[in-house]
Amino acid sequence: GTCGRIRGGDSRGRSRRGDGGRESDNPGRNSGEFGGAGRGRGSRFRRSGAGYAALKAHLPPREGRGLVLIDPPYESELEFDKVLVGLEVAHERWPSGMYCVWYPLTDRAGPVRFHRNVERAGIRKVLDVTLNVLPADAQVGMSGAGLVIINPPWQLDERLKVLMPQLHELLSPEGLGGSNVEWIVP
């Protein structure tokens, strides 16, 4: 299958890395392309920059299966809204695709609103996985991170319910924070 990574960026396609917003697993190819998507087993692509436009332009992949990792910059509260619009467009074009959206766990209301809006969007099979290594009221910008996974693999929720507490114990031996695996929309 195809594994894609689409990062948020500014309107000119620049990413947070400041390198023009493009990276590729295959440096010999035009890094703005899918780097061999559809050319056999294990084909991959990596696309950065104007990620939300790439969702519309490059979906569905020829293989008909794959994973899209969305890693927005979250430099403003509006980023959650942009992610939702991108997910709605992508899901309309490729409803069977697997999407994984990374988001920070902060004291802001963005993640809660995002979950509520995803639920209202009509997208089904939405799993939420979080890991906090600090308490929610810690005086830092980010206490942990979460992933919203649309169309996760079968039994991923059950596997993560076992693995996430173990990962939490390794990353936070003091027992601060915690982990959670729950369906936003079954």
Side-chain angles (χ1 to χ4, degrees), residues 4-17 21 47-59 66-153 156-161 163-165 167-168 171-172 176-186:
R5 183 168 190 258
I6 298 177
R7 296 185 77 162
D10 70 12
S11 62
R12 292 175 296 232
R14 292 183 306 202
S15 72
R16 293 174 284 177
R17 293 183 324 276
R47 172 116 178 133
S48 297
Y52 302 114
L55 284 170
K56 184 174 182 180
H58 295 291
L59 292 177
L67 165 68
V68 177
L69 173 60
I70 303 173
D71 178 17
Y74 294 107
E75 293 171 354
S76 81
E77 283 291 316
L78 297 177
E79 198 70 40
F80 285 103
D81 298 329
K82 292 177 186 178
V83 170
L84 181 63
V85 169
L87 279 175
E88 288 174 324
V89 167
H91 192 263
E92 183 178 311
R93 293 183 60 84
W94 188 33
S96 63
M98 188 177 355
Y99 303 90
C100 186
V101 179
W102 178 89
Y103 65 92
L105 293 174
T106 65
D107 60 349
R108 296 189 223 168
V112 174
R113 191 180 78 244
F114 178 60
H115 289 159
R116 189 174 51 244
N117 290 339
V118 166
E119 188 174 2
R120 292 178 183 158
I123 299 171
R124 299 288 169 244
K125 299 182 193 169
V126 182
L127 184 66
D128 185 57
V129 181
T130 60
L131 177 66
N132 288 312
V133 295
L134 297 171
D137 61 353
Q139 299 298 312
V140 296
M142 187 171 95
S143 62
L147 291 174
V148 166
I149 307 169
I150 298 172
N151 295 324
L156 180 65
D157 58 332
E158 297 304 319
R159 292 178 183 155
L160 288 175
K161 285 178 183 177
L163 294 173
M164 292 304 291
L167 179 59
H168 175 259
L171 294 175
S172 183
L176 301 174
S179 65
N180 192 41
V181 177
E182 66 181 346
W183 287 96
I184 296 174
V185 183

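By convention here, the first residue in the shown sequence is residue 1. Please read all numbers here as calculations on a predicted model, not as lab measurements.
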For [X] against [Y], the heavy-atom pair lying closest together:
X	Y	result
Ala121	Glu88	CB-OE2, 3.4 Å
Asn151	Arg124	OD1-O, 4.0 Å
Val133	Ser172	O-OG, 3.5 Å
Met142	Thr106	CA-CG2, 4.2 Å

Original post:
Please walk me through it: do Val129 and Leu156 pass side-chain contact (heavy atoms from CB on, under 4.5 Å)?
Top reply: CA-CA 10 Å; Val129 181; Leu156 180 65; over 6 Å; no
So do the side chains of [X] and [Y] get within less than 4.5 Å of each other, counting heavy atoms only?
X	Y	answer
Leu84	Phe80	no
Leu55	Val89	no
Val126	Glu119	no

As an exercise, state the distance from [atom1] of [X] to [atom2] of [Y], rounded to the nearest 0.5 Å.
X	Y	atom1	atom2	result
Met98	Leu127	CE	CG	11.5 Å
His168	Leu131	NE2	CG	6.5 Å
Leu160	Leu147	CG	CG	9.0 Å
Leu87	Ile150	CG	CD1	4.5 Å

**OP:** Only counting residues at least two apart or in another chain, list the ones meeting side-chain hydrogen bond (donor to acceptor under 3.5 Å, both in side chains) with His115.
**Re:**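 Per chain and number, His115 pairs via side-chain hydrogen bond (donor to acceptor under 3.5 Å, both in side chains) with Tyr103, Asp128.
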Original post:
Ser143: what forms a side-chain hydrogen bond (donor to acceptor under 3.5 Å, both in side chains) with it, not counting sequence neighbours?
Top reply: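 Only Asn132 meet the side-chain hydrogen bond (donor to acceptor under 3.5 Å, both in side chains) criterion with Ser143.
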**OP:** Taking salt bridge (charged side-chain N to carboxylate O under 4.0 Å, His left out) as the test, write out the residues that go with Arg113, two or more places apart.
**Re:**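 Scan of Arg113 (salt bridge (charged side-chain N to carboxylate O under 4.0 Å, His left out), adjacent residues dropped) gives Glu77, Asp81.
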Subject >> Results of salt bridge (charged side-chain N to carboxylate O under 4.0 Å, His left out) for Lys125 - residues two or more places apart only >> reply: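 So Lys125 forms no salt bridge (charged side-chain N to carboxylate O under 4.0 Å, His left out) with any residue.
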Original post:
With no hydrogens and no angle check, is any side-chain donor or acceptor of His91 less than 3.5 Å from a backbone partner on Gly97?
Top reply: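 No, because the side chain of His91 does not come within donor-acceptor range (under 3.5 Å) of the backbone of Gly97.
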**OP:** Taking ring-ring contact (aromatic ring centres under 6.0 Å, His included) as the test, write out the residues that go with Tyr99, two or more places apart.
**Re:**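 Only Trp94 meet the ring-ring contact (aromatic ring centres under 6.0 Å, His included) criterion with Tyr99.
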All N/O donor-acceptor pairs, side-chain side in residues 178-186, below 3.5 Å, sequence neighbours left out:
from: Asn180; atom 1: ND2; to: Glu182; atom 2: OE2; distance (Å): 3.4
from: Trp183; atom 1: NE1; to: Asp157; atom 2: OD2; distance (Å): 2.9

**OP:** Check the pair Val148 / Val83 against side-chain contact (heavy atoms from CB on, under 4.5 Å), numbers first and verdict last.
**Re:** CA-CA 11 Å; Val148 166; Val83 170; over 6 Å; no
